[in-house]
Q: 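One structure, pasted below without further comment.
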Amino acid sequence: MATGFILKGQVLSFTGSPFGGGRPEDAARLQEAVAVQDGLIAGAGTLAEMQARLPEAEVRDHGQSLILAGFVDAHVHYPQTAIIASWGKRLIDWLNSYTFPEEMRFSNRGYADEIAGRYLDLTAAHGTTTVCSYCTIHPESADAFFAAAQARGQRVVAGKTCMDRNAPEGLRDTAQSAYDDSEALIERWHGVDRLEYAITPRFSPTSTPEQLEAIGALWAKHPECLMQTHLSEQTDEIAWVRELFPQARDYLDTYEEFGLLGAKGLYGHAIHLEERERHRLREYGAALIHCPTSNTFIGSGLFDMAGLMAEGQRIGLATDTGGGSSFSMLRTMAAAYEIGQLRGTPLHAAQLLWLATQGSAAALRMDGKIGNISEGMEADLVVLDLASTPAIAQRAERAEDLWEAVFPTIMMGDDRAIAEVWIGGRRVTGG
C-alpha cells in the first residue's frame, strides 16, 4: 500500500459543528479528491494536488458520488442482530420476550463468533465503519466481537454487559465477577490495534447498588476506558428506577452516586431528562446518544435534539440494533429528521451527516482519529451513490445544490446507495 490511492468525487469534510449557529452548510467543505496512504488520509484537495502528493497512486473516479468519513454508530447491541424487528413490545417486555432469551445463546463462543461476523458484515455493507457495542454478560461474547473487528482492521468499542438482578438465571453475574471479567477483558483487548473497551453496566434496574459500586471502582481504576449505559429511555422504566432506588434524586443519580458519571460516559437514549440531569451531564461533558429508530419502534418518546444541542450537550447518533429497526445509519438519519419534524425543529442534511460521522466520533472521544476527512486521520471512508434508485435519482436530478442532492439519499437510501466502503485504507465493499 506504499503508493496509496486517490478517490475523486464530491469529498465532504467538516470544519466545525453545523449546530454552532449560522447556516449549517457553512460548517462543511467540499473538495475534489482525497488521497490515502498506509491506512491514513494523506490529504484532500484538487485532483492535481493529490496526484502531486501521491504521483504513482491509482485514481478511482466516482463522478458525482459523495465521499465522506465512514459512519460511526455510537450505541448498538450486536447480540441482538438476529432478533431485529421483533414485533410489538415496549422496553421491559421486549427485553424479557426477545433480548434475554437470545443473549443466553452467547455463552457459546461459536454462536458469538457467527453473529459478530454477521453483524460487522451487515453494518459495513451499510457504510458503518465504527460501532460502540454492548456484548452479553459472557466474556466469550466480547472476545468474539473484538476478534472479528480485529480481523477486519476495524476501530470499535465494546464491553461485556454487567447485570446481577432482574434478569434470568444464566444472564446474571455478580458484583465481583463483573469487576473481574471486565478487568480481564480490558487487559486483553483495550488499546490493541484499533480496539477500545467500554465498561458496560446495562442500566440501573439490572445492577444492584453493590454491582454499580464495583463498576464505578473499576472505571476509577481504568479512566482511559469509556463507560456506556442507558438513561431515561421510557417513562415506565424511570418509574421502576424510582422504586428500586428510592433515595436517588433522579435516574442519573443512580449512576452518579457510584462514580458512573463522567466525561467519557455514554448515556443511551436520554429522552426524558430532568433539569438537574441535563445540567450535570453538560457539566461533566458526558455524551448523550440519540437512537431515533429505536425510540419510535419501541415507543419511547421524542429526543430533544435542538434543545440539548442549544445547551451545549455532546450528542452522538446510533441505530441501537436490535431495538432499533435498521442496521443503516442512513435510515437512522432519516428517523432523526422525522423526530425533529415532530418537535418542530427539522435537521439540515449537513447536521444529519455530521451527527453520523464527526458527532458520533466526538461522543466516543475519537474525533481526532475518525469521523472526518483530514490529513493524518484514519482512512475509514464511504462513497455514497446519490442516484442509487430510480426514485432517488429522479429527485436528485432537480437538486440545486449538494444538500438537495444528498437529502433524498438520507431519506430513502439503503445499502444500494453504498458504492464503496474503506476501513483503515482497505476496501471492504464495492468494486
Side-chain angles (χ1 to χ4, degrees), residues 1-20 22-72 127 129-130 153 155 348-362 366-387 396 399-407 409-410 417-431:
M1 199 160 52
T3 57
F5 61 90
I6 296 168
L7 301 181
K8 178 180 179 296
Q10 300 192 81
V11 178
L12 177 69
S13 59
F14 290 97
T15 58
S17 169
F19 290 92
R23 299 193 318 156
E25 57 266 44
D26 290 343
R29 176 171 58 191
L30 205 60
Q31 295 171 288
E32 184 184 21
V34 55
V36 174
Q37 187 172 38
D38 297 329
L40 301 175
I41 304 294
T46 67
L47 178 60
E49 289 169 341
M50 295 304 99
Q51 288 181 308
R53 188 165 299 191
L54 297 181
E56 298 182 17
E58 173 195 5
V59 177
R60 299 177 64 87
D61 189 346
H62 288 283
Q64 292 302 300
S65 292
L66 187 66
I67 302 168
L68 68 161
F71 298 136
V72 180
T129 54
T130 290
R155 180 166 292 285
H348 189 275
Q351 295 172 322
L352 293 165
L353 291 170
W354 181 88
L355 282 166
T357 55
Q358 187 74 166
S360 284
M366 294 180 178
D367 46 322
K369 299 176 181 177
I370 59 170
N372 207 358
I373 293 179
S374 181
E375 185 173 349
M377 296 187 74
E378 296 169 0
D380 293 346
L381 301 166
V382 62
V383 181
L384 287 183
D385 178 357
L386 301 185
E400 297 184 1
D401 60 20
L402 170 68
W403 308 110
E404 277 196 28
V406 74
F407 191 66
T409 292
I410 291 174
I418 309 302
E420 281 187 355
V421 178
W422 300 76
I423 292 178
R426 182 175 64 88
R427 190 171 70 248
V428 296
T429 70

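Along the sequence shown, residues are numbered consecutively beginning with 1.
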Q: Check for a donor-acceptor pair, side chain of Ser65 on one end and backbone N or O of Gly9 on the other, with a separation under 3.5 Å.
A: no

Q: What distance separates Gln351 CD from Glu25 CD, expressed to the nearest 0.5 Å?
A: 9.0 Å

Q: Show me the donor-acceptor pairs within less than 3.5 Å that the side chains of residues 372-379 make with the rest of the protein, sequence neighbours left out.
A:
{"unit_1": "Asn372", "atom_1": "OD1", "unit_2": "Phe14", "atom_2": "N", "d": "3.0"}
{"unit_1": "Asn372", "atom_1": "ND2", "unit_2": "Phe14", "atom_2": "O", "d": "2.8"}
{"unit_1": "Glu375", "atom_1": "OE1", "unit_2": "Arg53", "atom_2": "NH1", "d": "3.4"}
{"unit_1": "Glu378", "atom_1": "OE1", "unit_2": "Arg155", "atom_2": "NE", "d": "2.8"}
{"unit_1": "Glu378", "atom_1": "OE1", "unit_2": "Arg194", "atom_2": "NE", "d": "3.3"}
{"unit_1": "Glu378", "atom_1": "OE1", "unit_2": "Arg194", "atom_2": "NH2", "d": "2.5"}
{"unit_1": "Glu378", "atom_1": "OE2", "unit_2": "Arg155", "atom_2": "NE", "d": "3.4"}
{"unit_1": "Glu378", "atom_1": "OE2", "unit_2": "Arg155", "atom_2": "NH2", "d": "2.8"}

Q: Mind listing the closest non-hydrogen atom pair of Ala28 and Leu12 along with its distance?
A: CB-CD1, 3.7 Å

Q: Check the pair Leu30 / Val11 against side-chain contact (heavy atoms from CB on, under 4.5 Å), numbers first and verdict last.
A: CA-CA 5 Å; Leu30 205 60; Val11 178; 5.9 Å; no

Q: Looking at Val36, Asp61, Val34, Leu47, which one forms a side-chain contact (heavy atoms from CB on, under 4.5 Å) with Ile6?
A: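 Among the candidates, only Leu47 passes.
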
Q: For the atom pair OG1 (Thr130) and CZ (Phe71), what is the distance rounded to the nearest 0.5 Å?
A: 12.5 Å

Q: Once you round to the nearest 0.5 Å, how far does CD of Gln37 lie from CE of Met50?
A: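 Rounded to the nearest 0.5 Å, the CD-CE separation comes out at 12.0 Å.
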
Q: For Ala350 and Pro24, which heavy atoms make the closest approach, and how far apart are they?
A: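 Scanning both residues completely, I find the closest heavy atoms to be CB-O, 3.9 Å.
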
Q: Could you tell me whether Glu404 atom CD has more than 12 heavy atoms of other residues or ligands within 6.0 Å of it?
A: yes

Q: Determine, stepwise, if the pair Val383 / Arg60 fulfils side-chain contact (heavy atoms from CB on, under 4.5 Å).
A: CA-CA 11 Å; Val383 181; Arg60 299 177 64 87; over 6 Å; no

Q: Measure the spacing between CG of Leu7 and CD of Glu32 and express it to the nearest 0.5 Å.
A: 12.5 Å

Q: Ala69 and Gly371: which non-hydrogen atoms are nearest, and at how many Å?
A: CB-C, 3.4 Å

Q: What closest approach, in Å, do Ala349 and Ile410 show between heavy atoms, and which atom pair accounts for it?
A: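 Heavy atoms of Ala349 and Ile410 come nearest at CB-CD1, 4.0 Å.
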
Q: Quick check: do Leu353 and Leu68 have side-chain heavy atoms less than 4.5 Å from each other?
A: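 They are in contact (side-chain heavy atoms under 4.5 Å apart), so the answer is yes.
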
Q: Out of curiosity, Ile67 CD1 to Ser13 OG, how far, rounded to the nearest 0.5 Å?
A: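 If we round to the nearest 0.5 Å, Ile67:CD1 and Ser13:OG are 11.5 Å apart.
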
Q: Looking only at heavy atoms, what is the nearest atom pair of Ile370 and Ala361, with distance?
A: O-CB, 3.5 Å

Q: Apply side-chain contact (heavy atoms from CB on, under 4.5 Å) to residues Asp380 and Val72 and explain how you reach the verdict.
A: CA-CA 10 Å; Asp380 293 346; Val72 180; over 6 Å; no

Q: Which residue, Phe407, Phe19, Trp403, forms the ring pair (Phe, Tyr, Trp, His ring centres under 6.0 Å) with His348?
A: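 So, applying the ring pair (Phe, Tyr, Trp, His ring centres under 6.0 Å) to His348 and each of Phe407, Phe19, Trp403, only Trp403 qualifies.
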
Q: Can you tell me how far the CG atom of Leu66 sits from the OG1 atom of Thr409, to the nearest 0.5 Å?
A: 8.5 Å

Q: Is a donor on one side and an acceptor on the other found under 3.5 Å between the side chain of Thr429 and the backbone of Glu420?
A: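 Between the backbone of Glu420 and the side chain of Thr429 there is no qualifying donor-acceptor contact (under 3.5 Å).
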
Q: Would you check if Leu386 and Gln10 make a side-chain contact, meaning some heavy-atom pair closer than 4.5 Å?
A: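 Yes, at least one pair of side-chain atoms sits under 4.5 Å.
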
Q: Would you say the side chain of Leu381 lies within less than 4.5 Å of the side chain of Ile41, judging by non-hydrogen atoms?
A: yes

Q: Tell me, please, which residues at least two apart from Thr46 pass side chain to side chain donor-acceptor pair (under 3.5 Å).
A: Glu49

